[in-house]
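Report on one structure; see the data block that follows.
Atoms within each ligand, like the ligands themselves, are counted from 1 in listed order.
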Amino acid sequence: MFGINTDIDYSLLEGMDFTCLEGCGFCCTFPAEVRECEPAFNAILQIDRNGLKKWDTDDPYFCNVHTMRQHKDRGACIFLREDRRCGIYSVRSLLCRIFPIKIFFGHRVQLYTSQVCRGFSKDRQSNGLHRTGEEIMEQLPVQMKEEMMLKARGMYSSLPGKLAGYIPPDVLQAKILDYIGTMDISNSIVSEKSRDDFTSQLSSEEFINLPTYLTEDMQWLVFRLTGGLLERIRLERTGEIETTGSVHYACLSLKPLSAGAVNALREYLKLIVQRDHFAGVVYLRALEQKNKVSLVDLATAYLNDIAASLLLRANMLAAFEGYDIIDTDMIRETIILSDGYLATEPSYGLIL
Ligand code: SF4
Ligand code: SF4
C-alpha cells in the first residue's frame, strides 16, 4: 500500500491477457530505463560495469535515470542472448519486468499497455493483465513508488497556478473523447505539415528514432529514408542490418480506407486519449507554448497529428505489402509500428 493517498487506475488493463512470446525479444531493442534507486542498478553494474548508459539531461526529474546499453546505434540490449532471452533475467530492471505494462505517474497512477508487443489477447473471463498490474504495484519498492508519486503530485498540483485556462485532465480527456466521435478520419487529414514531419522522422540520422516494427514471424524491421528511397531493413540482435526492400518515397500514394479501418483507427485514438500520458503531453505543450492556444485546441491538434501520422505509416506498410486499400489488419499492424513512438512523446508526469 502507498503511504500517501492516491488513486490507481487499472481500467485500461480490463479484459486483457498476455503471454510473452518465445524468441521475440522485440522490447529489448528499445533502451530500457533503469533508475539509480532500483535494486537492479548496482546488480547490473556488478555484472558489467559498462552495462548502463547515463541519460544526458539537466532535468532534475530524470538526472538519476540510465538506460541499458545497446549494441551499436540500434541493436538490442547487450544482455539479450542469441536465443533472444534475457541474459540477466533475475536482476533485470523494473521496466524490463513490467513490460508490456506501462505506469504513468501524473494526477493519479494509471497502468496501460504498450501496443508494440504482440503477446496480447482479449479474454474477458480471465482478466489476467489487471491481476498482473495489481501484483506489479504491490511489488514496486515502496520508497520508489512514493517518490515518483510525490513528484508527480507536486507537478500536477502546481499546474492550475501555471496555466491560464487550466482544466483538469479528466475533463480534458472527456472533451477529446467526444471530439473523436465527430472527427474526420480519412486521408484528407494528412496535411503538408504532417507529411513534412513524417519525412523528417524517416530521415532521422539517429537510428534509434526511426519507425521500428515487429512482424508476426518475429522479425524486427526498421524503415529509413535515404536519397528518395524508403528502405525496409531487418535488424539483428547485434545491430547488423540487411535491407529487405525499398520503394520510391515520392510514389507513396494515399490509399482509401475500408470502413473497418476507420473504426479500428477511431478505437485506437480513444485508447490513446484515455491514457493519462496524452493529457500529460498536452499540458507540457501548453506550458512551453508562446501563443495562448487553449488546452482543448492543443489537444485536438495533437490528436489530428497522431491520426495523420498513423495514416502515413499505414500507407507506408500498404506500399510495401502491395495493398490497394487500407483495411482493418493494416491498421492493426500500423498500431504495432506506431505505439512505441507515441509513448516516447515528452509529457508532464513520470512514466515507468
Ligand atoms: S515484445 Fe512482448 S512478446 Fe516480445 S519479448 Fe517483449 S514482452 Fe515478450
Ligand atoms: S536487461 Fe534483459 S529484459 Fe531488459 S532489455 Fe536487456 S535483455 Fe531485455
Y156 ring center near Y348 ring center (under 6.0 Å): yes
Which of the ligand 2 atoms, numbered from 1, are nearer than 4.0 Å to a heavy atom of M68: 1 (S)
Main-chain N/O of I241 paired with E236 side-chain donor or acceptor, under 3.5 Å: no
Nearest neighbour in protein (non-hydrogen) for atom 6 (Fe) of ligand 2: C77 SG, 2.4 Å
Region of F18 that comes within reach of ligand 1 [heavy atoms, distance under 4.0 Å]: side chain
Identity and distance of the protein heavy atom lying nearest atom 8 (Fe) of ligand 1: C20 SG, 2.4 Å
E134/R131 salt bridge by N-O under 4.0 Å criterion: no
Short N/O/S contact of C86 with atom 6 (Fe) of ligand 2 (below 2.8 Å): no
Smallest separation among heavy atoms of H66 and L52, with atom names: CB-CB, 4.2 Å
Output field: ring centroids F26/Y213 closer than 6.0 Å: no
C24 backbone acceptor or donor facing W220 side chain under 3.5 Å: yes
Atom 6 (Fe) of ligand 1 reached by C117 (N, O or S, under 2.8 Å): no
D324, CG: over 12 other non-hydrogen atoms inside 6.0 angstrom: no
Enumerated ligand 1 atoms positioned under 4.0 Å from heavy atoms of F99: 7 (S)
Atom 3 (S) of ligand 1 [closest protein heavy-atom partner, distance rounded to 0.1 Å]: L21 N, 3.3 Å
Subset of ligand 2 atoms that lie under 4.0 Å from at least one heavy atom of L80: 7 (S)
Closest protein heavy atom (residue, atom, distance) for atom 4 (Fe) of ligand 2: C96 SG, 2.3 Å
Contacting atoms of ligand 2, where contact means under 4.0 angstrom from a heavy atom of I88: 1 (S)
Shortest protein heavy-atom distance from atom 5 (S) of ligand 1, along with the residue and atom involved: G25 N, 3.3 Å
Salt-bridge contact R332-E216 (side-chain N to carboxylate O under 4.0 Å): no
